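In what follows, a single structure is set out as structure tokens and then discussed.
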Number of protein chains: 2
Amino acid sequence: MKNITSGLEDYLEEIYIANINNKPLKGAELARLLNISRASVSEALSRLVAKNLIIYNSYETIQLTALGLEEAKKVYEKHNTLKKFFETVLEIPQKEASENACKIEHVISQNILNKMAEFIDFYEKNKTTLEKLRKENSQK
Amino acid sequence: MKNITSGLEDYLEEIYIANINNKPLKGAELARLLNISRASVSEALSRLVAKNLIIYNSYETIQLTALGLEEAKKVYEKHNTLKKFFETVLEIPQKEASENACKIEHVISQNILNKMAEFIDFYEKNKTTLEKLRKENSQK
DNA sequence: GTTTATTGTAAGGCATGCCTTACAAATTGT
DNA sequence: ACAATTTGTAAGGCATGCCTTACAATAAAC
């Protein structure tokens, strides 16, 4: 009853992002953003309502419940950490970093995310040293 | 017709591992390894046969086709790279590293995997320096 | 206020992927 | 050879998650 599938997490995340940007979000717009049919969104929103993650009345703006907000934030933060890690440490281009983060955010453990965040911190604090080292390494 | 779902990739991987270890693998054993019912395995094997990834006749050993071997290897290598990256760079315990690799291997891009492999290499060649740096950092 | 556009959803479909039950077929042990 | 074990699978179910078609309800534009 509590467990959220990765599909639903995607909906939550998108709703959350709309929230942050103060863009009122209706089902049809969500369908456009996620590139799926209105009918599918309609079903998904019902599931989200059933799980007490959103408040939704037809033709009105979709709203996150406290629980939904919490979950959405988690996913969003996971996404960001992954993206940043890929960009900073692995030098992956933005788009690819983001696309991969979208998928991995649903399956990776919190512990690894924390370690990634730590590593990003470490990497940035020692950027000069590390980049010099890496350059040397690649020349050998 | 070509695309393989992550579910099927798991089957392939397990078959491949049995192959490596010279352990003849039948459906029932696969069911035990993956912790699912024989019936589900039976279905999955049909799908794998249909996709020309395995050769399978009831009551005989499951065999990979050339195509299946290729796919299985890819997944297996992804798994190993991920696991090693988590263990080496992020200091994640073996079990957790492996569990996460199992899920991420199905969704991550080859390019990121390559960068991870490179980074592992760099990290190991400069282990002493890097670990000293990290220790200093954590004390601040 | 009425037409037009947007939004929502019911109905019926399809694939994946898992389950249990129950029986059939093959293999093993003695 | 025959019984016991193992293996395979058909049938019927369930949930997720996507689709299209077609219609209903609401909102926006004129």
Side-chain angles (χ1 to χ4, degrees), chain A residues 1-15 18-19 23-64 68 71-72 75 99 102-107, chain B residues 1-15 18-19 23-64 68 71-72 75 99 102-107:
Chain A
M1 208 146 271
K2 237 296 288 284
N3 57 88
I4 306 169
T5 63
S6 57
L8 293 192
E9 281 184 356
D10 282 332
Y11 288 101
L12 280 186
E13 198 180 2
E14 208 60 51
I15 296 166
N19 246 23
K23 283 189 190 152
L25 188 62
K26 293 184 184 179
E29 176 63 13
L30 188 50
R32 266 174 244 122
L33 287 171
L34 295 175
N35 219 355
I36 55 184
S37 72
R38 292 203 311 277
S40 298
V41 167
S42 187
E43 279 174 36
L45 292 181
S46 305
R47 282 202 296 276
L48 287 170
V49 167
K51 283 176 194 290
N52 191 33
L53 294 164
I54 60 165
I55 296 161
Y56 176 61
N57 300 299
S58 301
Y59 305 97
E60 286 176 21
T61 301
I62 305 163
Q63 302 219 252
L64 292 165
E71 292 302 324
V75 179
E99 283 167 357
C102 266
K103 298 177 201 154
I104 299 174
E105 68 193 18
H106 304 297
V107 295
Chain B
M1 209 147 268
K2 238 296 292 281
N3 57 89
I4 306 170
T5 62
S6 57
L8 293 192
E9 281 184 356
D10 282 332
Y11 288 102
L12 280 186
E13 196 178 5
E14 208 60 50
I15 295 166
N19 248 22
K23 282 189 190 150
L25 188 63
K26 293 182 182 179
E29 176 62 11
L30 188 51
R32 267 175 242 120
L33 287 170
L34 295 174
N35 220 356
I36 56 183
S37 73
R38 292 202 310 278
S40 297
V41 167
S42 188
E43 279 175 38
L45 292 182
S46 305
R47 281 201 297 273
L48 287 170
V49 167
K51 282 175 195 291
N52 190 34
L53 295 164
I54 60 165
I55 297 162
Y56 176 60
N57 299 299
S58 301
Y59 304 99
E60 286 174 22
T61 301
I62 304 163
Q63 302 218 254
L64 292 165
E71 292 302 323
V75 180
E99 284 167 357
C102 267
K103 297 177 202 153
I104 300 172
E105 66 192 19
H106 305 298
V107 297

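In this text, all values refer to a predicted model and were calculated from it rather than measured experimentally. Scope of the values below: all heavy atoms of this structure, side chains included, with no hydrogens, waters or symmetry mates. Order of the sequence lines fixes the chain letters, A, B, ..., with proteins taken first and strands second; residue numbering starts at 1 for each chain.
Residue A/Ser58 places no side-chain N or O under 4.0 Å from the OP1 or OP2 atom of C/dG8. For C/dT9, neither phosphate oxygen OP1 nor OP2 lies less than 4.0 angstrom from any side-chain nitrogen or oxygen of A/Ser46. At least one side-chain nitrogen or oxygen of A/Thr5 sits closer than 4.0 Å to the OP1 or OP2 atom of D/dG17. For A/Arg32, a side-chain nitrogen or oxygen approaches OP1 or OP2 of C/dT7 to under 4.0 Å. Applying the 4.0 Å criterion to OP1 and OP2 of D/dT5, one finds that B/Tyr59 has every side-chain N and O outside that range. The shortest distance between the side-chain N/O atoms of B/Arg47 and the OP1/OP2 oxygens of C/dT16 is not below 4.0 Å. Taking side-chain N and O atoms only, B/Tyr56 has a distance below 4.0 Å to OP1 or OP2 of D/dG8.
Rounding to the nearest 0.5 Å places CD1 of A/Ile15 at 9.5 Å from CG of A/Leu8. Between the CD1 atom of A/Ile62 and the CG atom of A/Leu48 there is a distance of 8.5 Å, given to the nearest 0.5 Å. Between A/Glu43 atom CD and A/Ile36 atom CD1 the span is 9.5 Å, to the nearest 0.5 Å.
A salt bridge is defined here as a Lys NZ or Arg NE, NH1 or NH2 lying under 4.0 Å from an Asp or Glu carboxylate O, and B/Glu29 with B/Arg32 meets this definition.
With rounding to whole Å, A/Ile62 atom CD1 is found 10 Å from C/dT9 atom P. Residue B/Arg38 contributes atom CZ, which lies 15 Å from atom P of C/dA25 at whole-angstrom precision. At whole-Å resolution of the value, CD1 in A/Ile54 and P in C/dG8 are 11 Å apart. To the nearest angstrom, C1' of D/dG17 lies 13 Å from CG of A/Leu34. Per the geometry, CG belonging to A/Asn35 stands 12 Å off C1' belonging to D/dC18, to the nearest Å. Across the protein-nucleic acid pair, A/Leu33 atom CG and C/dT7 atom C1' stand 15 Å apart, rounded to whole Å. A straight line from CD1 of A/Ile36 to P of D/dT20 spans 11 Å, rounded to a whole angstrom. Spacing between atom CD of A/Glu9 and atom C1' of D/dT16 amounts to 14 Å, rounded to whole angstrom units.
Looking at heavy-atom distances under 4.0 Å, B/Ala39 makes contact with a base. Nucleic acid contact class of A/Glu43 (heavy atoms, under 4.0 Å, all strands): base. Contacts of B/Ser40 with the nucleic acid, taken as non-hydrogen atoms under 4.0 Å apart, include base atoms.
Looking at heavy atoms from C-beta onward, A/Leu64 lies out of side-chain contact with A/Leu53 at the 4.5 angstrom threshold. Residues B/Leu12 and B/Val75 form no side-chain contact, since every pair of their non-hydrogen atoms from C-beta on lies 4.5 Å or further apart.
Where A/Glu60 and B/Glu29 each meet DNA chain D at their nearest nucleotide, the meeting point lying more 5' is that of B/Glu29. Each of B/Ser42 and A/Val41 was matched to the nucleotide of DNA chain D holding its nearest heavy atom; the match closer to the 5' end belongs to B/Ser42.
Which of C/dT9, C/dC18, D/dG8 sits closest to the side chain of B/Tyr11 comes down to C/dC18.
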